[in-house]
Protein chains: 2
Amino acid sequence: MQAQNLKYSNCNMQRSMAILGTKWKPIVIWVLRERKARFGQIAASIHIISRKVLTTTLQELEADGIITREEYKELPPRVEYGLTERGQALLPILRQIAQWNARYFGEELPHPEHDEDVLLNC
Amino acid sequence: MQAQNLKYSNCNMQRSMAILGTKWKPIVIWVLRERKARFGQIAASIHIISRKVLTTTLQELEADGIITREEYKELPPRVEYGLTERGQALLPILRQIAQWNARYFGEELPHPEHDEDVLLNC
DNA sequence: TACGTTAGTTACCTATTGGTTACTACTAAT
DNA sequence: ATTAGTAGTAACCAATAGGTAACTAACGTA
């Protein structure tokens, strides 16, 4: 998908997909749902993302105003990432996207009392 | 995005994005939200999609159980596409995705009484 | 036979996404 | 000088998504 071009589409859905519809962005947003995290923490949470791809992903999310990036003047260098309000607003949508998949493709329906991490299994 | 691999991800969100996170699939689903349509009608609604890409998109959506495909034994050949229950279940999610974009990237907030076509502008 | 209508199919191409590998910047501590 | 810890960067590549252009299948009708 040529997301960069789609960001200027007339269609609100297409523009959203251009921002979100990639392999790692939803995961990064999910990792940041409850607290800020540093680059290395995000990488460790995700397990198998390359530094190169994580860097690009974070840069794009920041450019789209979905996450914040704060540098701390200290050593070792420390950068913290967190969700903006715009990013927070995506969380219920991501939950529904995951629920849809679990419901229609999963082998059993998820129970409401299941922890979110189990639901998403990310 | 390598959607074909992602369909087998552990993560429900990633699997959904593999199915949905492309340029044309959300649009095709939206076009079919209220009534079944033929190949040519879908193409005309979307305006600028190539027959090649529309064919591929429809095949994949059918394979994922999101749309139905009915051939009619008549001439000219007639094929009708419609949403499955699984596909219908995606509509509220797509609406929210569009609303999110309109709210956080649009120049003014959409009014509740605005028609859906205006909201999505697809 | 030629044409019309519908839903494709095929060959080829470009641009993007995601990945591997190696390297970098910075400074304190050893 | 070397090492450590953190967040990157650069060069290169494979696979995929989307696209153009041309062609095809099927049969009824003129």
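So that the names make sense, note that chain A is the first sequence line, chain B the second, and so on, each numbered from 1.
Between Ala18(B) and Arg38(A), the residue anchored nearer the 5' end of DNA chain D, judged by the nucleotide with its closest heavy atom, is Arg38(A).
Side-chain proximity of Ile49(B) to the nucleotides dC23(C), dG19(D), dG18(D) is greatest for dG19(D). Side chain of Val53(B), nearest nucleotide from dG8(D), dT21(C), dG18(D): dG18(D). Between dG19(C), dG8(C), dG19(D), one nucleotide has an atom nearer to the side chain of Lys52(B) than all others, and that is dG19(D). Listed candidates were dG18(C), dG8(C), dA22(C). Nearest to the side chain of Trp24(A) is dG18(C).
Going from atom CZ of Arg78(A) over to atom C1' of dT27(C) covers 17 Å, rounded to whole Å. Computed from coordinates, the Arg51(B) CZ to dG8(C) P distance equals 11 Å when rounded to whole Å.
Contacts of Ser50(B) with the nucleic acid, taken as non-hydrogen atoms under 4.0 Å apart, include base atoms. Across all strands, Thr56(A) comes closer than 4.0 Å to no nucleic acid atom at all (heavy-atom distances).
Checked against Glu60(B) for a side chain to side chain contact (heavy atoms under 4.5 Å, CB included), the options Thr57(B), Thr56(B), Leu58(B) give a single hit: Thr56(B). Checked options Ser16(A), Ser9(A), Cys11(A); the residue passing with Met13(A) is Cys11(A) (criterion: side chain to side chain contact (heavy atoms under 4.5 Å, CB included)).
In this model, no side-chain donor or acceptor of Lys23(A) finds a partner on the base of dG18(C) within 3.5 Å.
The aromatic rings of Phe105(A) and Trp100(A) stand perpendicular to each other, their planes meeting at an angle above 60°, with 30° marking the opposite boundary.
OP1 and OP2 of dG8(C) both lie 4.0 Å or more from every side-chain N or O belonging to Gln59(B).
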